[in-house]
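Have a look at the structure below before the remarks.
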Amino acid sequence: MTVIEVEDLHKSYGHTRAVGGVSFEVARGETFGVLGHNGAGKTTTVECLIGLRKPDSGRIRVFGEDPGRRRRALARRTGVQLQESELPDRIRVVEAMRLFASFYDRPDDWRAVLERWDLGPIGGKAYADLSGGQKQRLKLALALVGAPELVVLDELTTGLDPVARRETWTLIGDLKASGTTVVLVSHFMDEAEELCDRVAVFRRGRIVALGSPRGLVAETGTGSLEEAYLELTGERRDGVEA
Ligand code: ATP
């Protein structure tokens, strides 16, 4: 079953073309990576997917529905961790977990999620008093507490220390094993190589390559996704930023 369908998506901000004709599909249970340099159009694309932005043109379906029209219904089935999202300074960790769990029909036990993400000991702390890594882990826990069928993660492990990063990968592995569909926006090629079934490489608002990490490595005759990425984005040849 196809969970996400994107066909010829276009989105500009004034004269800036953020996304210029992007098409891809994501199957149920797949972990799909959205890769690309800063400004390549990744966040704009995922924001259109979850109904936060209105495309200029193109067709998007998530669980067969148009996110522009059915945002609320889709939000109940989707967990989202966005780069920019912030919580009120004074909200405590446990309060945020309880609140987010209440948005969903069949949430996980939020106390168990809190423990899984090692947030139990700081459950009484206010959001503003958390470290960057603790905030990041809380945002992930909040994205997952509703036991969503689809999870959209923008910059999964940014700001995490190496141990927390590895632990996060393990937890995402568990999520995959449970059949959850994951869209992962990332700058980290090791992360994409480890976690993603397929990746789309964005450059200047377009997808320049789409395939499994292993397939892209083979296609480019390189030794890793990192090298394949540099080849595919043209960084190797001309050093041009997207
Ligand atoms: P990053 O890796 O830096 O998060 P990205 O691939 O997610 O980048 P987008 O955030 O989608 O890229 O941005 C694509 C282009 O659209 C960039 O040129 C950016 O400056 C521009 N852009 C994004 N959001 C806005 C906005 N709200 N108003 C104007 N321009 C925007």
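Whatever order the structure lists them in is the order used to number ligands and atoms, beginning at 1. This chain uses plain numbering: 1 for the first residue, then up along the sequence.
- Of the possible polar contacts, none joining the Glu193 side chain to the Pro213 backbone as a donor-acceptor pair under 3.5 Å is found.
- There is no side-chain donor-acceptor pair under 3.5 Å between Asp197 and Ser212.
- Under a 4.0 Å N-O distance rule, the pair Arg165/Asp190 qualifies as a salt bridge.
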Could you list each N/O atom of ligand 1 together with any protein N/O atom closer than 3.5 Å, one pair per line with the distance?
{"unit_1": "ligand 1", "atom_1": "2 (O)", "unit_2": "Asn38", "atom_2": "ND2", "d": "3.3"}
{"unit_1": "ligand 1", "atom_1": "2 (O)", "unit_2": "Lys42", "atom_2": "NZ", "d": "2.7"}
{"unit_1": "ligand 1", "atom_1": "2 (O)", "unit_2": "His187", "atom_2": "NE2", "d": "3.1"}
{"unit_1": "ligand 1", "atom_1": "3 (O)", "unit_2": "Asn38", "atom_2": "ND2", "d": "3.0"}
{"unit_1": "ligand 1", "atom_1": "3 (O)", "unit_2": "Gly39", "atom_2": "N", "d": "3.4"}
{"unit_1": "ligand 1", "atom_1": "4 (O)", "unit_2": "Gln83", "atom_2": "NE2", "d": "3.3"}
{"unit_1": "ligand 1", "atom_1": "6 (O)", "unit_2": "Ala40", "atom_2": "N", "d": "3.0"}
{"unit_1": "ligand 1", "atom_1": "6 (O)", "unit_2": "Gly41", "atom_2": "N", "d": "3.0"}
{"unit_1": "ligand 1", "atom_1": "6 (O)", "unit_2": "Lys42", "atom_2": "N", "d": "2.9"}
{"unit_1": "ligand 1", "atom_1": "6 (O)", "unit_2": "Lys42", "atom_2": "NZ", "d": "2.7"}
{"unit_1": "ligand 1", "atom_1": "7 (O)", "unit_2": "Thr43", "atom_2": "N", "d": "2.8"}
{"unit_1": "ligand 1", "atom_1": "7 (O)", "unit_2": "Thr43", "atom_2": "OG1", "d": "2.7"}
{"unit_1": "ligand 1", "atom_1": "8 (O)", "unit_2": "Gly39", "atom_2": "N", "d": "2.7"}
{"unit_1": "ligand 1", "atom_1": "11 (O)", "unit_2": "Thr44", "atom_2": "N", "d": "2.9"}
{"unit_1": "ligand 1", "atom_1": "11 (O)", "unit_2": "Thr44", "atom_2": "OG1", "d": "2.5"}
{"unit_1": "ligand 1", "atom_1": "12 (O)", "unit_2": "Gly41", "atom_2": "N", "d": "3.2"}

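- A cation-pi arrangement is present between Arg77 and Phe63, with the terminal nitrogen or guanidinium carbon under 6.0 Å from the aromatic centre and inside a 45° cone about the axis.
- Ring pair Tyr229/His37: centre-to-centre distance below 6.0 Å.
- Arg90 places no side-chain N or O within 3.5 Å of a backbone atom of Tyr127 that could act as its donor or acceptor partner.
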